[in-house]
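Scope of the values below: all heavy atoms of this structure, side chains included, with no hydrogens, waters or symmetry mates. Everything numeric in this text was worked out from a predicted model, so none of it was measured.
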Amino acid sequence: MIERARKLRIAIYAAWYVPPRRLARHVRRRLYGLIVPLQASRFRATLLRRAEALPPVSTTRSTAAKAAAAQVATFFAAKHEKNVPQCFDGRFTLLNKTHDFGSPGAVDWRIDMDGGSYQLWRANLSFMGYLCPAMAHDPARGLTLAATFADSFTAISDFTRSGDFGDIWNSYPVAQRILTLSAGLMALPESLVGTPEWHRVDQFLRLNVAYLIANMETELGYNHLERNLSALALYSLAVGAVPRVIEQRLTANIDHILAETIGDDGVQQERSAMYQGLVVQSLRVLSALDIWSPARRAMLDRRLAAVEEALAALTLGDDMPMMMNDAFFGETPRTSVILGREARPGFRAMTDAGYVRLAAGPAEMVFDAGPSGPDANPGHGHPDFLSIEMSLGAKRLIVDPGTSSYSPKDGRKQDRTWDRHNGPSIAGAEPVDFLGSFKVGRRARARLESAGEDERGQRATGSLSFGAVTVRRTLALTPDRLTIEDEWRSGEGDRLSRFLIPDGWSVAEGEGGTQLLLSSGDRQVRWSVSRGSLSRAQESWTCHYNQTSAAHALIVRPDDSGRASIGIDWLLTA
């Protein structure tokens with residue numbers, strides 16, 4: 001009874017933050033999934049009729065269309081190169097789990113690979129993102145595979161199952177199918193255009209477009225709506241014109257994406273650097289259209305430039321983005337591939353998001369002194385308040401715990417525990433209440449107090465207050481040293497700062513029980529505590545979805561005054 005009351009309280013709290021219009025749209029979508037199966041035949045017939053009325057993919061492609069398609073293809077290639085050529089035989093590796101159906105004709109689009117109600121593997125299978133690199137690898141064979149999947153997916157889509165609206169016919173997977181099929185068809189050689197297989201894939205593409213036009217994710221907004229818009233934009237580029245109904249959807253929703261989901265500092269407000277890369281893709285596709293007013297064109301150009309700069313700032317020395325909030329490697333290409341240049345910016349304070357990048361010598365790091373996410377949609381947030389991630393050269397030194405799963409089970413709960421992150425915390429205290437995969441009740445936000453650089457180095461200070469708890473962190477970075485000053489001003493319980501070090505580093509005891517020596521290849525690091533105590537434990541972190549790696553947890557506890565002083569010095573011997 002107590003647990004049920006707790007969940008109800010969090011659910012009410014989460015709904016309270018959602019604007020009434022979006023909440024009404026969410027209720028409408030839930031009802032939609034229950035009502036449509038009752039009139040499934042009529043719904044399917046209407047959908048097929050609307051699909052037939054949409055224009056087919058053009059046999060000629062503009063320069064802008066080719067560039068947008070190539071941009072999307074680059075993302076799908078990075079995510080799915082492991083699936084080519086195995087997908088030709090019906091074998092797929094998604095989210096680091098592999099399943100062999102035996103043949104393309106035996107693919108089960110409703111397979112249960114995750115257990116429970118949250119089926120992300122199944123959703124990724126229905127994205128069909130592997131078709132884009134498959135058609136690039138072997139165009140004729142790839143087109144045949146796409147036609148086979150188009151036929152089998154259409155055959156099982158009778159819309160009699162309400163559960164299908166939650167995964168395989170959820171608008172996000174639909175948008176992904178539109179992106180991969182549009183990009184794939186545009187890249188095919190002329191000899192395959194107009195073949196029977198080409199027409200079958202084109203017809204399936206238009207079926208998905210017709211569905212998405214009627215089912216935009218306006219109640220969620222943010223990255224879901226952004227992907228919806230970019231999918232409709234890429235389809236329009238593929239057909240060589242923007243159908244009026246699509247232009248209406250694009251112009252009615254683009255302001256939300258540009259003005260409400262991206263800050264002036266360029267950071268997407270869900271605050272995941274993984275999704276930041278996808279924002280670059282979406283805005284580049286949208287930018288290729290010529291339907292925008294001068295004011296919107298100027299806003300789009302400004303936002304795209306800022307988003308690209310922010311992605312570079314949120315990238316560490318290994319050319320991969322930081323991992324705070326929901327993020328994992330493999331969902332996007334390396335940052336240098338996305339931006340077309342090696343990303344090595346220096347100091348940057350992203351004040352809208354509350355992120356600060358500090359970079360000096362071989363050290364590159366990001367400090368989080370912001371909220372867990374936007375109040376209207378904070379579901380991808382983690383309580384990494386005042387946390388840091390850091391690399392030395394191309395090797396990560398301090399890592400975020402990561403995201404092991406989106407499924408509402410113990411792994412996700414552990415990923416979003418405050419004292420597992422790399423900031424000052426109190427064991428057992430939680431600044432955010434989570435429910436299921438993405439619902440958030442009570443939430444807190446850190447505050448960036450100051451950030452700057454001068455001849456002495458780079459500095460940043462942030463604080464967090466919730467309930468009876470107040471903690472504060474100050475960072476100072478020079479080319480060969482990071483100094484961390486942590487302070488617990490109030491709050492009862494076990495006070496600690498835990499830092500996760502990947503197991504690629506070896507750790508040995510230093511002098512006096514207040515030092516540890518870390519080494520990896522030509523890199524040596526001395527970790528010392530001048531106020532407080534230092535210990536270590538075995539822990540884990542996740543940089544690839546569904547895969548957990550070992551890590552060292554370096555645990556610092558403050559002295560009796562509630563302060564801890566940490567010095568990290570490094571030497572590259574080669």
Does [Y] offer a backbone N or O that forms a donor-acceptor pair with the side chain of [X] under 3.5 Å?
X	Y	answer
Glu270	Ser272	no
Ser230	Val285	no
Arg177	Met128	no
Asp167	Gln119	no
Arg443	Val432	no
Arg297	Ser287	yes
Asp265	Ala353	yes
Gln269	Asn377	no
Trp121	Leu94	yes
Asn215	Ser171	no

Pairwise side-chain contact, [X] with [Y], heavy-atom cut-off 4.5 Å (strictly under):
X	Y	result
Pro133	Glu81	no
Asp400	Met322	no
Leu207	Leu48	yes
Val440	Tyr17	no
Thr154	Gln203	no
Pro173	Ile168	no
Thr98	Arg91	yes
Leu283	Ile262	yes

Between [X] and [Y], is there a side-chain N and carboxylate O pair less than 4.0 Å apart?
X	Y	value
Asp164	Arg110	yes
Asp255	Arg303	no
Lys97	Asp114	yes

Nearest atoms (heavy-atom pairs only) where [X] meets [Y]:
X	Y	answer
Val57	Trp198	O-CH2, 3.3 Å
Cys87	Ala134	SG-CB, 4.0 Å
Val239	Pro56	CG1-O, 3.2 Å
Leu212	Ala231	CD2-CB, 4.1 Å
Leu143	Glu197	CG-CB, 3.9 Å
Ser282	Glu226	OG-OE2, 2.8 Å

Residue of the set Trp109, Phe88, Phe204 for which ring pair (Phe, Tyr, Trp, His ring centres under 6.0 Å) holds with Phe149: Trp109

For the atom pair [atom1] ([X]) and [atom2] ([Y]), what is the distance rounded to the nearest 0.5 Å?
X	Y	atom1	atom2	value
Ile213	Gln248	CD1	CD	10.0 Å
Asn208	Leu179	CG	CG	11.0 Å
Asn170	Glu217	CG	CD	5.0 Å
Asn124	Phe127	CG	CZ	4.5 Å
Leu185	Leu192	CG	CG	10.0 Å
Gln276	Met274	CD	CE	12.0 Å

Report the C-alpha separation of Thr542 and Thr403 in whole Å, then their side-chain angles, then the decisive distance to 0.1 Å, and conclude whether the side chain to side chain contact (heavy atoms under 4.5 Å, CB included) test is met. CA-CA 6 Å; Thr542 301; Thr403 303; 5.9 Å; no

Does atom [atom1] of [X] have more than 12 heavy-atom neighbours, drawn from other residues, nucleotides or ligands, at distances under 6.0 Å?
X	atom1	result
Arg122	CZ	yes
His256	NE2	yes
Lys439	NZ	no
Arg50	CZ	no
Arg42	CZ	no
Arg61	CZ	yes

Side chain to side chain contact (heavy atoms under 4.5 Å, CB included) assessment of Leu300 paired with Leu258: CA-CA 7 Å; Leu300 181 53; Leu258 298 179; 3.8 Å; yes

Go through it in stages, so that I can follow the logic: the residues are Ile178 and Leu234, the test is side chain to side chain contact (heavy atoms under 4.5 Å, CB included), and I'd like the CA-CA distance, side-chain angles, deciding distance and then a yes or no. CA-CA 8 Å; Ile178 294 169; Leu234 191 65; 5.8 Å; no

With a cut-off of under 6.0 Å to the ring centre and 45° to the axis, is Arg271 in cation-pi contact with Tyr355? yes

Measure from NZ or CZ of Arg412 to the centre of the six-membered ring of Phe438, then state whether that distance is under 6.0 Å and the direction lies within 45° of the axis. yes

Among Asp415, Asp326, Asn325, find the one that has a side-chain hydrogen bond (donor to acceptor under 3.5 Å, both in side chains) with His382. Asp326

Set out, in order, the CA-CA distance, both residues' side-chain angles and the distance that settles side chain to side chain contact (heavy atoms under 4.5 Å, CB included) for Met323 and Cys543, then state yes or no. CA-CA 8 Å; Met323 295 181 57; Cys543 62; 3.8 Å; yes

Residue of the set Arg29, Arg22, Arg28 for which salt bridge (Lys or Arg N to Asp or Glu O under 4.0 Å) holds with Glu219: Arg29

Applying salt bridge (charged side-chain N to carboxylate O under 4.0 Å, His left out), can you list everything that pairs with Arg284, at least two apart in sequence or on another chain? Glu308

Where does the angle between the aromatic ring planes of Tyr406 and Phe328 fall among parallel (under 30°), tilted (30 to 60°) and perpendicular (over 60°)? perpendicular

Specify whether Tyr275 and His380 have parallel, tilted or perpendicular ring planes, treating 30° as the upper limit for parallel and 60° as the lower limit for perpendicular. tilted

His99/Phe101 under ring pair (Phe, Tyr, Trp, His ring centres under 6.0 Å): CA gap, chis, key distance, verdict: CA-CA 6 Å; His99 185 81; Phe101 291 98; 4.6 Å; yes

Partners passing ring pair (Phe, Tyr, Trp, His ring centres under 6.0 Å) against Phe159 (at least two apart in sequence or in another chain): Phe43, Trp169

